[in-house]
Amino acid sequence: MTRSSIRGRPRGTTSHRSVRVAHAVLGGTAGVVWLVLPAVTRDSDVPVAVEPDRPAASAVARDARNGEDDGTSAADLVLPLVTAGAVAVLAGYGRLRRIRRARTRTTPGGAAVEPPVPPLADLDGSARAALVEADDCVRTSREELGFAEARSGAAAVADFARAVREAEAELSAAFRMRQRYDDGLPGEAAARRHALAGIVGRCREAGRRLDAEAGAFDRLRGLAADPGAALEVAEARFRELTGRTGAAQALLADLGGRYAPSATAPVAGYAERATDRLVFATARLNRARQTADAGDRARAAGHLRAAEGAVAQAAVLVAAVGRLAAALATAAALVPAALTGAEAELAGAREGPARAPAAAAEVSADEPRTRIPHADAALAAVREELTGGPYDPLGALRRIVRAVTPLAAGRAGVLPVAALLVARAAAGAAAGFVATHRGAVRAEARTRLAEAERLLAADPPHPLAADALARRARELAEQDVRRHRRPAAEADAVLGGILLGGAPDGGPPPSFGGPRTRARRAAPP
């Protein structure tokens, strides 16, 4: 196992260290030899006569006599001195290593060197930003997938649809972790850090999954090679939505005459916003055609993608009007039955603790007696609204359900149906608003919406909690939009996330993929 003191170093570190030790030993040896060499080569101070005719044996004898005269040879001192120098060098290196190890070890007697821990607020901000980015990537990828499927068919986009579903699963897990974090779970500081890191990791995995398919998705669409076919699909959807937008405007006017203003408030102005999106789409489709005819297909692809985003959001706005109209009609038909069922539940609750409501099994026996007067007042107010003129059917159902459900024992099956209708309407309204204003909506609103959708999809569902979370998500999203600083140009497109911003013309449009690839097709001015 790699020691902690050397973990993270390059593989060549050990070999480099050995080279440095060898260099040190050789350098010390060379220095000692340099010091001793003069002693080896120095002659006696007494001049020696040259005797060229004397045999070599006499020279050897003379050298022996000189050695005897000196007592010892200087050459005999070289090996001990070299050994002493090498030992000194190695001892110095060993001491240096001990000092370094003492500074980095985690045993008692040495302080551990750890990387600085970022503040919890910084980790929290990173997690929020990762959630927003991943959510935007998933939403954009799902929108563009619809255009690809309309042109190439469901079989051709099956792998990309699976990638989007897998990214959605990762993102849903990240939102669930964020909701628990906001609820104070876990409570320990270290565990909360781990939770934030887990959120970021889930978001990165969602983006990675989309990025992995982005290149193949581009090849399938072929916008940069031939945007003509994709232009035809976008223009067909544009023409269809133009007619539906006019119908949505007429429907809103009709709803305003039949119901109270609070009933249509969730979609107020949606027909006009859909028209604005289509006007933007018209301009971008025209520019896409012009640049494609001029042979600049890369620019055409950018303009086309921006037009597709606007058309997709216009469809969301128009669909929200139709969905609310259907929910209001269903609620209006359900209110009388809900009143009757609520009265039956209250009558049973008045009979005493022996028939305590199942929905209130965890409350005290005295609590039904305190809730009954409040429920009676809520039902009386709803009856008065029914006879007083236009009213809000969904609002009336919400008050009935909230007042009576804590006392309900399952006597009237209409109340769970009413609760689901109300919660789904609230979640749908919040989802439409977030989708068409995602350039400004922050992480908290998206988290509450994701949790509301999770509770509605649970088995069994939890409509009361889901309704409260969805309404809170809508409130937070509206606050984010009011705080949003809009650029001078292409304001609605940036607010809606159709363009990414960062440039006077609104910047490039997002596209299928994760954070690494979502802006790869620029829309030039």
Side-chain angles (χ1 to χ4, degrees), residues 132-148 150 164 210 214 217 221 223 227 230-231 233-235 237-238 240-242 244-245 269-289 291 298-320 431-442 445-446 477 480-481 484-515 517-525:
V132 171
E133 185 176 49
D135 192 37
D136 284 346
C137 290
V138 169
R139 290 177 183 275
T140 301
S141 297
R142 191 189 303 121
E143 289 174 357
E144 190 170 0
L145 185 66
F147 285 95
V164 172
L210 295 174
F217 187 82
R221 297 212 69 191
L223 297 185
L231 266 169
V233 172
E235 289 170 344
R237 284 200 174 186
F238 171 83
E240 185 247 341
L241 272 172
T242 300
R244 288 176 56 196
T245 301
Y270 272 27
E272 290 80 5
R273 292 176 192 170
T275 301
D276 292 340
R277 298 293 197 274
L278 292 178
V279 169
F280 174 86
T282 300
R284 289 297 177 130
L285 286 172
N286 290 336
R287 293 163 75 176
R289 279 287 181 192
T291 51
R299 291 167 64 89
H303 292 309
L304 173 59
R305 181 63 195 90
E308 289 176 342
V311 169
Q313 290 201 8
V316 171
L317 293 166
V318 170
F433 188 87
V434 170
T436 55
H437 298 81
R438 59 179 177 261
V441 178
R442 298 189 291 187
R446 300 175 193 238
D480 292 339
V481 170
H484 182 65
R485 295 181 179 180
R486 303 184 183 184
E490 308 287 11
D492 287 340
V494 175
L495 175 65
I498 299 169
L499 300 177
L500 294 176
D505 68 322
S511 57
F512 185 101
T517 55
R518 68 187 304 246
R520 61 196 177 283
R521 290 184 222 131

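Residue numbers run from 1 in the order of the sequence given. Since this is a predicted model, take the numbers as computed values, not measurements. Only heavy atoms go into these numbers, but all of them, side chains included; no hydrogens, no water, no symmetry mates.
Minimum interatomic distance between A281 and A310 (heavy atoms only, all atoms of both residues): CB-CB, 3.9 Å. When every heavy atom of L304 is checked against every heavy atom of A230, the shortest pair comes out as CD2-CB, 3.6 Å. Between T245 and V318 the shortest heavy-atom distance is OG1-CG2, 3.6 Å. In plain terms, the two heavy atoms of V434 and A477 that are nearest each other are CG2-CB, 4.2 Å. Residue G501 comes nearest to P508 through the heavy atom pair O-CD, 4.2 Å, listed as atom of the first residue, atom of the second, then distance. Closest of all the heavy-atom pairs between F147 and A312 is CE1-CB, 4.3 Å.
Side-chain atoms of R142 never come within 3.5 Å of backbone atoms of V164 as a donor-acceptor pair (strictly under, hydrogens ignored). Between the side chain of E133 and the backbone N or O of P515 there is no donor-acceptor pair closer than 3.5 Å. The main-chain N or O of G513 is found under 3.5 Å from a side-chain atom of S141 such that the two form a donor-acceptor pair.
Taking CG of D276 as the reference point, atom CG of D492 lies at 5.5 Å (rounded to 0.5 Å). Atom NE2 of residue H303 and atom CD of residue E308 lie 13.5 Å apart, to the nearest 0.5 angstrom. Between the CZ atom of F280 and the CG atom of L285 there is a distance of 9.5 Å, given to the nearest 0.5 Å. Atom CZ of F238 is separated from atom CG of L278 by 5.5 Å, given to the nearest 0.5 angstrom. With rounding to the nearest 0.5 Å, the separation of CZ in R442 from CG in D135 is 15.0 Å. Taking CD1 of I498 as the start and CD of Q313 as the end, the distance is 4.0 Å to the nearest 0.5 Å.
Contact annotation: the side chain of H484 never approaches that of H437 to less than 4.5 Å [non-hydrogen atoms, C-beta and beyond].
For the side chain to side chain contact (heavy atoms under 4.5 Å, CB included) test with R438, the passing option among T140, V132, L495 is T140; the others fail. Among R305, R518, R139, the one residue that satisfies the salt bridge (Lys or Arg N to Asp or Glu O under 4.0 Å) test with E144 is R305.
Contact check on R446 versus D480 returns no salt bridge, with no Lys/Arg side-chain nitrogen under 4.0 Å from an Asp/Glu carboxylate oxygen.
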